[in-house]
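Below is one structure, written out as C-alpha cells; the observations come after it.
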Amino acid sequence: MAQIRLKNVSKRWNNFVGVDNFNLDIADQEFLVLLGPSGCGKTTTMRMIAGLEEITEGEIWIGDRLVNKLEPKDRDISMVFQSYGLYPNMTVYENIRFPLKVRKVPQEQHHERVMAASKMVELDDFLQRRPAALSGGQRQRVALARAIVREPNAFLMDEPLSNLDAKLRVSTRAQIKNLHHTLKRTTIYVTHDQIEAMTLADRVVVMSKGLVQQVGTPMEIYDRPANTFVASFIGSPAMNLIKGSIEGGVFTSEGIRIEGLTLAAKGPVTLGFRAEDASLAQASGQIEAPIYTVELLGDATMLSMRVAGELVSIKVNKDYRAEIGELARVAIPASACHLFDHSTGARIA
Ligand code: ATP
C-alpha cells in the first residue's frame with residue numbers, strides 16, 4: 001500500500017518560499033501529475049517526497065509511516081529522472097541489475113527480475129550494450145527498467161520525457177501509461193507539459209510560484225479551471241481571456257458583447273471561453289472583428305482576431321478559408337463562458 005500524504009508541507013531557503021503549505025492525499029495506485037511552469041516548485045515537492053530535500057515544515061506520510069526523518073533508500077520508492085543517470089561502464093543488463101545488488105536482494109532472483117523488467121520496456125535485445133551505444137529513448141527505457149526492477153511501492157518521475165524528440169515522447173508516454181496499468185503502483189510525475197499531464201494523470205496538481213492552484217482530474221481542470229492561471233496554462237490554444245465588465249447578465253468589452261450570462265454581479269470581470277466553443281455566426285455575432293491570422297492545422301482551421309487588446313483564437317471547420325483582414329462574425333454561447341474575478345483571477349462562474 002502506498003498512499004502518500006502531504007500535510008502542510010513547506011520548503012523555504014532563507015526568505016525564499018519554494019513550496020508553500022502543500023496539502024494532498026495521493027491514493028494508492030494513483031497516477032498523480034505535478035504540472036506548472038519552470039520554477040513553480042514541482043521538482044522540490046517531489047524531492048521532498050523522495051527524501052532528497054529536507055522539508056522546512058509539515059509532514060510527509062508514505063503508507064502509515066511518517067517519513068520526514070527517513071533516508072531516501074528506506075522510503076521504498078524508485079525515481080526516474082530526465083537525465084537518465086546510467087552507469088556508462090556497465091552494460092544495460094548490469095545497469096538494470098544494479099539496484100538489486102545495492103539492496104542485497106538474493107543473487108538467485110537477479111536474472112529473472114532483470115529479464116522481466118527489461119521485457120516490460122522492450123529492451124531484451126539490448127542487454128549486452130553499453131549506454132553510449134543506445135538512443136535517447138532506449139536509455140530512458142533502461143532508466144525505467146532500473147526503477148521497475150526494485151518493485152517499489154511508488155514511482156517518482158521527474159520530466160522523464162524531456163530529452164526525447166517529439167515522436168519518441170509520444171511513444172514513451174504511452175509506454176509509461178501502460179506500465180502504470182500493469183504494475184499498479186502509485187506514481188508521482190513532474191512535468192511542465194500540459195499534454196503529458198492531461199494524457200497520463202488520474203489527477204493533476206497545477207502549481208504556480210510554490211502554491212497549489214488547483215487539484216482535479218484532467219477534465220475537471222479543463223472544464224472548470226479554478227482561476228485565470230489554470231485557464232491560461234491548460235489547453236492548446238490556451239483559453240481566451242478578455243477583460244471587460246458585466247451588468248444584468250451582459251458582458252461587454254471593446255468588440256465583444258455576450259448576453260444571457262448567469263452572474264448577477266455588476267462591475268469589472270474577466271471573461272473566458274475556449275477556441276473550440278466558438279463558431280462562425282450566420283448573421284450578427286458576439287464578436288465582429290477583422291481576421292488577424294488563419295492557421296491550417298489539418299483537422300481544423302484556427303482563426304485569430306484582436307478583441308479588447310487580446311489575440312483571441314477561434315477553432316473552425318478544417319475546410320474554412322478566409323483572408324487576413326476579412327471581417328469574421330463569431331458566435332459564443334453564454335453557456336460556454338467562464339467568468340473570473342478581474343483582480344484575483346479566481347473563478348466566479
Ligand atoms: P523546473 O521545471 O525548471 O525544474 P520546478 O517547478 O521543478 O522548475 P523547483 O526546482 O522545484 O521548480 O524550484 C522551485 C523554486 O525554488 C525555484 O525558484 C528555484 O530557483 C528555487 N530553488 C530550488 N532549489 C533551491 C536551493 N537549493 N536554494 C534556493 N532556491 C532554490
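Counting starts at 1 for both ligands and their atoms, in listed order.
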For the 3.5 Å polar cut-off, considering only N or O atoms, please tell me whether [X] and ligand 1 meet it.
X	answer
H192	no
T45	no
G41	yes

Short list, please: which atoms of ligand 1 are under 4.0 Å from a heavy atom of [X]?
X	result
P37	6 (O)
G39	1 (P), 3 (O), 5 (P), 6 (O), 8 (O), 12 (O), 14 (C), 15 (C), 17 (C), 18 (O)
C40	5 (P), 6 (O), 12 (O)
T43	4 (O), 5 (P), 7 (O), 10 (O), 11 (O)
T44	9 (P), 10 (O), 11 (O), 13 (O), 14 (C)

For [atom], closest protein heavy-atom neighbour:
atom	answer
atom 18 (O) of ligand 1	F16 CZ, 3.4 Å
atom 3 (O) of ligand 1	S38 OG, 2.6 Å
atom 2 (O) of ligand 1	K42 NZ, 2.7 Å
atom 27 (N) of ligand 1	W13 NE1, 3.4 Å

Measuring from the heavy atoms of E159, does anything fall under 4.0 Å of ligand 1? yes
Should G210 be listed as contacting ligand 1, given a heavy-atom distance under 4.0 Å as the test? no
H110-Y93 aromatic ring centre distance below 6.0 Å: no
Under 4.0 Å from atom 25 (C) of ligand 1, is there at least one protein heavy atom? yes
Under 4.0 Å from atom 20 (O) of ligand 1, can you find at least one protein heavy atom? no
Determine, using the 4.5 Å side-chain heavy-atom cutoff (strictly less than), whether I77 and L144 are members of one ILVMFWY cluster. no
Check this for me: does any side-chain nitrogen of one of E151 and R113 sit under 4.0 Å from a carboxylate oxygen of the other? yes
Basic-acidic side-chain contact under 4.0 Å: R5, E59: no
Can you confirm if the NZ or CZ of R306 lies within 45° of the ring axis of Y292 and under 6.0 Å from the centre of its six-membered ring? yes
Flag this pair as yes if the NZ/CZ of R185 is under 6.0 angstrom from the six-membered ring centre of F31 and inside a 45 degree cone about the axis; otherwise no. no
Rounded to the nearest 0.5 Å, the NZ atom of K11 sits from the CD atom of E57 at a distance of 11.5 Å
I need the E326 CD to L303 CG distance, nearest 0.5 Å. 9.5 Å
Please examine the side chains of T186 and Q3, heavy atoms only from C-beta on, and report whether any two atoms are closer than 4.5 Å. no
Short side-chain to backbone donor-acceptor contact, N95 and L86, under 3.5 Å: no
